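Step one of this worksheet: look at the structure below.
Since this is a predicted model, take the numbers as computed values, not measurements.
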Amino acid sequence: CDRLIISDNSIDATKDILYNLCGEFHDRITLLSDTAFAYDQKRMLTGLFQAAANGHPEFIVPVDVDEFISAPTREIFEKHLSGIPEGGVGRTPWRTYVVHYPDSPDSLRDMLFRRKVENPQYWKCIIRLGSLTARDVVIEMGNHEVLSPTGKNIPRVDLDLSLLHFPVRSYDQFMARIVVNWMAQ
């Protein structure tokens, strides 16, 4: 991606890592801090979309920190994106990886296995702005759906491009996620 807008709601050393990245990549990263105690993902994601849309990019690719796009090169990724109609949404299916060694010091590297069947199948949305404005779009929880509160027709296509999802990295992270999700309800 040419530019990143990152919303950080961490309580660990993540902020320091992100500040270092901002220094390294200068004007290509915008760092936003989300200090709300309860995590309202729908509000935060729609706000991020609106911030991104104000820069008039061709595509907005919302991903979480535990998700990775499976395209091996930028050219292949752009080829997939070209299939999204202007003012539309491309849906990319989740491929969820699972913890194999729960006490591993490098659990991401040890996540070699994924679910055989995604049930239910979740999708992530990539938006090709075209004529869409920030008012036309609400990002649903988890970037799984894009809706239009103005009634604008938003065409959708399914992309042959997977999103690799690594939802559990450690016991502590898993427990924190349960608490945060409970508080957001």
Donor-acceptor side-chain pairing of Ser131 and Glu86 below 3.5 angstrom:
no
Atom pair CG (Leu18) and CG (Leu21), whose distance is rounded to the nearest 0.5 Å:
6.0 Å
Residues Glu118, Arg95; criterion salt bridge (charged side-chain N to carboxylate O under 4.0 Å, His left out); working and verdict:
CA-CA 7 Å; Glu118 295 285 334; Arg95 299 291 177 248; 5.4 Å; no
Could you check whether any side-chain heavy atom of His80 comes within less than 4.5 Å of a side-chain heavy atom of Asp160, counting everything from C-beta outward?
yes
Applying side chain to side chain donor-acceptor pair (under 3.5 Å) to Arg114 and not counting sequence neighbours gives none
Applying salt bridge (charged side-chain N to carboxylate O under 4.0 Å, His left out) to Lys15 and not counting sequence neighbours gives Asp8
Rounded at 0.5 Å granularity, tell me how far CZ in Arg28 sits from CG in Asp2.
6.5 Å
Non-hydrogen side-chain atoms of Arg115 and His165 separated by less than 4.5 Å:
no
CG-CG distance between Asp136 and Asn153, expressed to the nearest 0.5 angstrom
11.0 Å
Heavy atoms only: give me the nearest Ser70-Ser162 pair and the separation to one decimal.
OG-O, 2.9 Å
Hphob cluster co-occupancy, Phe25 + Tyr19, side-chain heavy atoms under 4.5 angstrom
yes
Inter-residue atom distance Ile126.CD1 - Phe59.CZ, 0.5 Å rounding:
8.5 Å
Short side-chain to backbone donor-acceptor contact, Glu58 and Arg128, under 3.5 Å:
no
Output the distance between atom CG (Leu4) and atom CD1 (Ile29), rounded to the nearest 0.5 Å.
5.5 Å
CG of Leu163 to CD of Glu67, rounded to nearest 0.5 Å, is 4.5 Å
Correct closest heavy-atom pair for Pro155 and Gly87 would be CD-O, 3.4 Å
Count I, L, V, M, F, W, Y as connected when their side-chain heavy atoms are under 4.5 Å apart, and connections chain through other members. Are Tyr122 and Val157 then in the same cluster?
yes
When Glu145 is tested against each of Arg91, Arg156, Lys124 for salt bridge (Lys or Arg N to Asp or Glu O under 4.0 Å), which residue passes?
Arg156
With the side chain counted from C-beta on, respond yes when Leu132 and Lys152 share a heavy-atom pair under 4.5 Å apart, and no when they do not.
yes
If you compare all heavy atoms of Trp123 against all heavy atoms of Pro93, which two are closest, and at what distance to 0.1 Å?
CE3-N, 3.5 Å
